[in-house]
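Here's the structure we're looking at; comments come further down.
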Protein chains: 2
Amino acid sequence: MADTTLAGPSAAATAGSKSEQAYHAVKKQIVDGTYSPGYRLVLAKIAEDLGVSVVPVREAIRRLEAEGLVTFERNVGATVAGIDPTEYLYTMQTLSIVEGAATALSSPLIGPDDIARARSVNEEMRACLEHFDPVRFTRLNQDFHSVLFENCPNPHILDLVHRGWNRLASLRSSTFRFVPGRAQESVEEHEALLQLIQSGADAADIERAARLHRSATLDAYLSQTKNI
Amino acid sequence: MADTTLAGPSAAATAGSKSEQAYHAVKKQIVDGTYSPGYRLVLAKIAEDLGVSVVPVREAIRRLEAEGLVTFERNVGATVAGIDPTEYLYTMQTLSIVEGAATALSSPLIGPDDIARARSVNEEMRACLEHFDPVRFTRLNQDFHSVLFENCPNPHILDLVHRGWNRLASLRSSTFRFVPGRAQESVEEHEALLQLIQSGADAADIERAARLHRSATLDAYLSQTKNI
DNA sequence: AGATATGAAATCGTATACGAACACTAGGTC
DNA sequence: GACCTAGTGTTCGTATACGATTTCATATCT
């Protein structure tokens, strides 16, 4: 299965350093929800928990800030970044663009076995709809697209996709939970996308489909909030 | 005129801090070419030059690393990042995507006065062709697109555009210099793009045109290197 | 001579320490 | 009672110090 730990930023240089360790530790806890949005990240406390000094922790926090996972205020401190409706819109819109591009760029390199694997993941997602397992659903959704992106010829774009996913992590399964029916649609769109790729469709058509797949989720959210 | 100092990353939080000062100072010198690719960035030396200690400098360097402007190797140090043909391809491809999207998203908000300003910049660019002033040409090129992006409704995408531009800064005017005729084409494409926007064309058409405008430069480079 | 080992110099990575800025409470004043 | 003010505690920002690692030059061995 594709590794959805979500590779760090382009800069993974200093592996093994305490700063690196702190970065991964804090990131993990943000992405998996241990630290919720708004949680106050006190340098000294994190340093003590990890058994290191504040300097590497500070560096780690600043890196997470650059990725949008924490917000930093001078002389005040860091808090786990939430994602307000505006930020959500920006992030989803950007994701629709970069995911569309990543899918289109990868499509010529996607083989029958990849299609089969992706389809199998999608069927698992369908099963999640029955059991109502939104957390697993979200994870499988990333797996699905990760399979398609495995051979993406442009790592920069892939990196942007991963950043967007991390940015959305604080929402967990909210779109799944709050927009009923969207998850079902999503599974169908996945299948349609696979067939499009399988049929050797034009890259532009694949890009459009992949982009719409993401923006439909955004639209579903927008139209719902408008109706309330 | 549009400010092409190229806004920093989303995180401009700690304005006024020494770390911030160091960040801007080093970034400026990388972007304007004072530090060429491969230049060894020694923390202690930069710290002394700026009159601060190494800790904030280190933080600044790590931020620049995250933006791809410097490469960092553990226990060895930082060097100004070069851009090899592969990186160039990745960056240009990504730029074509995000610039295309930024242009399309901005287009409904571009008014007649914006068009006029952009056209005036483009005419300056045309003049640069006569005087053969590649550095100014590159700068004006950014100005041109900055005018179009001024009202971009998605700051995330704009940020990606700026990052790409910074990343290419180390090349200076190489595309202009090495692909004769491309600059001329570029000016013509700008004018065509303006007319497309002015005519109220479909966002999809505008996006395609803007994307091709960037990828044509990449293609020109690729076909030239192939011929050698 | 070429390759390998050894030492010194340079540079990084992190701990510790301390001054500075902010938040919050308590007390006083109108 | 509401508002302002002083004081205290918390947390950040940066300087300094030192051990760890790499690099480079020199010496030694085959």
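Order of the sequence lines sets the chain letters (A, B, ...), proteins ahead of strands, with each chain counted from 1.
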| request: Scan A/Leu41 against the nucleic acid and name what it touches under 4.0 Å (heavy atoms): base, sugar-phosphate only, or nothing. | output: sugar-phosphate

| request: Determine to 10° how strongly the helix from C/dA1-D/dT30 to C/dC30-D/dG1 is bent, judged from the axes of its five-pair ends. | output: 10°

| query | Rounded to whole angstroms, how far apart are CZ on A/Phe72 and P on D/dT11? | reply | 13 Å

| request: Quickly work out the B/Lys45 NZ to C/dC12 P distance and round it to whole Å. | output: 12 Å

| task | Quick one: do B/Arg163 and A/His156 satisfy side-chain contact (heavy atoms from CB on, under 4.5 Å)? Show the steps, please. | result | CA-CA 12 Å; B/Arg163 286 201 184 204; A/His156 288 197; over 6 Å; no

| Spacing of A/Arg58 atom CZ relative to C/dT14 atom C1', expressed in whole Å | 14 Å

| request: To the nearest Å, give me how far apart CG (A/Leu43) and C1' (D/dT11) are. | output: 8 Å

| Atom pair distance, as rounded to whole Å: CZ in B/Arg62 and P in C/dT14 | 9 Å

| Nucleotide of C/dA23, C/dC12, D/dC12 approaching A/Val42 most closely (side-chain heavy atoms) | D/dC12

| field | B/Thr138 side chain to B/Pro134 backbone, donor-acceptor under 3.5 Å | value | yes

| request: Look at the rings of A/Tyr35 and A/Tyr39 and say which category their plane angle falls in: under 30° parallel, 30 to 60° tilted, over 60° perpendicular. | output: parallel

| remark: Whichever of A/Ser53 and B/Ala44 has the more 5' nearest nucleotide on DNA chain C, that residue is B/Ala44

| Flag for B/Tyr23-B/Glu67: side-chain donor and acceptor within less than 3.5 Å | yes

| Which of these nucleotides, D/dT21, C/dT16, C/dT14, is closest to any side-chain atom of A/Val54? | C/dT16

| field | Residue pair A/His190, A/Asn141: steps toward the side-chain contact (heavy atoms from CB on, under 4.5 Å) verdict | value | CA-CA 9 Å; A/His190 282 178; A/Asn141 187 47; 2.9 Å; yes

| message | Over all strands shown, is B/Val55 touching base, sugar-phosphate only, or nothing at heavy-atom distances under 4.0 angstrom? | response | base

| query | Separation of B/Asn75 atom CG from D/dG19 atom C1', in whole Å? | reply | 11 Å

| request: Starting at atom NZ of B/Lys18, determine the distance to atom C1' of D/dC12, rounded to an integer number of angstrom. | output: 14 Å

| Taking the side chain from A/Thr94 and the backbone from A/Tyr90, do they hold a donor-acceptor pair closer than 3.5 Å? | yes

| query | Can you tell me if A/Asn151 uses its side chain to pair, donor with acceptor, with the backbone of A/Leu109 under 3.5 Å? | reply | yes

| task | Can you tell me the distance, in whole Å, between the CD atom of A/Glu20 and the P atom of C/dC12? | result | 18 Å

